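To start, the structure under review is shown below, and the notes come after it.
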Amino acid sequence: MSSASQSRPWDVRRLPSAEGSCFLVTGGNAGIGYFAAEQLAATGAVVVLGSRDRAKADAAIASIRSRVPGARVRHLPLDLADLSSLKTAADGLGLDRLDAVVHNAGVALDDPPRRETADGHELMFGTNHLGHFALTQWLAPLLSAAPAGRVVTVGSFAARSERLDLGDLQSTRDYRPKRTYGRSKLAQMCFGFELDRRLRAVGSTVLSVVAHPGGALDSLTPSRPQVSVTTSGERLRALPAALLVQGKDAGAWPVVRAVLDPEVRGGQLWGPRVFGLRGRPRCEPVPSHMADRAVAARLWAAGGELAGTDPDLGFR
């Protein structure tokens, strides 16, 4: 790579071409996932939206095509809360390689009671963490077949103030929805960093990167009529918050950079530049509780047991 290309600042509005690449975005029909998919589609890549809801995925695809002429985008039926369905979903991609998966889909509950997946796992931990953990195993051959595959795990600013309770990963003893959500995102982030350590240990060409959107509000997000609408009143009321946070379109920027930028390295954390809450994407220090290898090893072992996966998740 030339020194000119290395020194050129990353422009969130002028992304490099990724023609010939294929990206899977879980939960690509709404929120951060939708905007990541829209931005990635503009690079010429094939973008697959992993979603449980066909109608919502079709609406997102129509929205992307209306904004990105010639967009190559399609739907993959994907239910991360049903672990037994994930191999079939991965096979349904019909690809011989996958250049990146964005582990974005997530469930966030605001109120009790505690809910469970069909597999009997707490819904947020089971979907946000275990679902992506298990999906990675079935995608491993496709990611390994790409010249430089990437697993981009979307974390959350909420994970900074949480700590995992390894004795109660599923919040059976003490369920508080916001805390359980934050811990499920922390588990995802710990997984992303541990996955990269394991990929490096086996000499894999695949990279694992973690990104987070900072503070991303619906009320500051531009409307996409087929997907979601922000009224002018909502936008006006949210303007004071725009000093600190941003919309979900900008929240997708660190994720998109983690997928596309050739300068990105495995094990990095990407987030917004200003206090980690808003602005253009930058690489930021990994908080010590997310880099704790002992915690990550125990989380990995627990995930393997709960999801019934291989110890190496298919990367050898």
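In this text, all values refer to a predicted model and were calculated from it rather than measured experimentally. Only heavy atoms go into these numbers, but all of them, side chains included; no hydrogens, no water, no symmetry mates.
- A distance of 9.5 Å separates OG in S156 from CD in Q188, rounded to the nearest 0.5 Å.
- A distance-only check finds no donor-acceptor pair linking the side chain of R150 to the backbone of G266 [under 3.5 Å].
- A distance of 9.5 Å separates OG1 of T26 from CG of N128, quoted to the nearest 0.5 Å.
- Judged purely by atom type and a 3.5 angstrom limit, H212 has no side-chain atom pairing as donor or acceptor with the backbone of P272.
- Ion pairing of D312 with R198 is absent here, as no side-chain N (NZ or NE/NH1/NH2) approaches a carboxylate O to less than 4.0 Å.
- Hydrophobic clustering of Ile, Leu, Val, Met, Phe, Trp and Tyr side chains at less than 4.5 Å, counting indirect connections, keeps L195 apart from F193.
- Side chain of T127 to backbone of M124: no donor-acceptor contact under 3.5 angstrom is found.
- The environment of R293 atom CZ is sparse: at most 12 non-hydrogen atoms of other residues, nucleotides or ligands sit within 6.0 angstrom.
- With hydrogens and angles ignored, the 3.5 Å screen pairs no side-chain donor or acceptor of D165 with any backbone N or O of L169.
- Note that the CG atom of L236 and the OG atom of S219 stand 11.0 Å from one another [nearest 0.5 Å].
- Between the side chain of S63 and the backbone N or O of A60 there is no donor-acceptor pair closer than 3.5 Å.
- Cluster membership check: L24 shares its hydrophobic cluster with F315, using side-chain heavy-atom separations under 4.5 Å among Ile, Leu, Val, Met, Phe, Trp and Tyr.
- With respect to the salt-bridge test (charged N to carboxylate O, under 4.0 angstrom), the residues E284 and R160 qualify.
- No donor-acceptor pair under 3.5 Å is formed between the side chain of N104 and the backbone N or O of V25.
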Which is it for T180 and S171 under the side chain to side chain donor-acceptor pair (under 3.5 Å) test, yes or no, and what are the steps along the way? CA-CA 7 Å; T180 296; S171 304; 3.0 Å; yes
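- There is a side-chain donor-acceptor pair under 3.5 Å between D82 and S84.
- Shown here is R298, whose CZ atom has no more than 12 heavy atoms of other residues, nucleotides or ligands within 6.0 Å.
- Using modelled atom types, one side-chain atom of H75 and one backbone atom of S51 make a donor-acceptor pair closer than 3.5 Å.
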Mind running side chain to side chain contact (heavy atoms under 4.5 Å, CB included) on T221 and F35 for me, showing each step along the way? CA-CA 10 Å; T221 301; F35 284 99; 3.3 Å; yes
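- Checked for salt-bridge contact, R114 and E116 meet the test: a charged N lies under 4.0 Å from a carboxylate O.
- Residue pairs meeting the ring pair (Phe, Tyr, Trp, His ring centres under 6.0 Å) criterion with at least one partner in residues 76-120, sequence neighbours excluded, are H103-H132.
- A salt bridge does not link R265 to D196: none of the charged nitrogens lies less than 4.0 Å from a carboxylate oxygen.
- Within a 6.0 Å radius of CZ in R115, no more than 12 heavy atoms belonging to other residues, nucleotides or ligands are found.
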Decide yes or no on salt bridge (charged side-chain N to carboxylate O under 4.0 Å, His left out) for R74 and D58, but give the supporting numbers first. CA-CA 8 Å; R74 62 183 176 90; D58 286 345; over 6 Å; no
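- For the atom pair CZ of R97 and SG of C22, the computed distance is 8.5 Å after rounding to the nearest 0.5 Å.
- Taking the side-chain hydrogen bond (donor to acceptor under 3.5 Å, both in side chains) definition, one finds that R176 meets it with D174, sequence neighbours left out.
- By the neighbour-count criterion of 12 heavy atoms within 6.0 Å, atom CZ of R65 is densely surrounded, having more than that number from other residues, nucleotides or ligands.
- Between the T117 side chain and the H121 main chain, a donor and an acceptor come within less than 3.5 Å of each other.
- At a threshold of 4.0 Å, the pair E162-K185 does not count as salt-bridged, since none of the basic side-chain nitrogens sits closer than that to a carboxylate oxygen.
- Seen from the ring of W253, R280 counts as a face-on cation partner, given the 6.0 Å and 45° thresholds.
- Under a 4.0 Å N-O distance rule, the pair R163/D292 does not qualify as a salt bridge.
- When the ring-ring contact (aromatic ring centres under 6.0 Å, His included) test is applied to W300, the partners found at least two apart in sequence or on another chain are F133, F191.
- By the 4.5 Å heavy-atom criterion applied to side chains, Q268 and V210 are not counted as neighbours.
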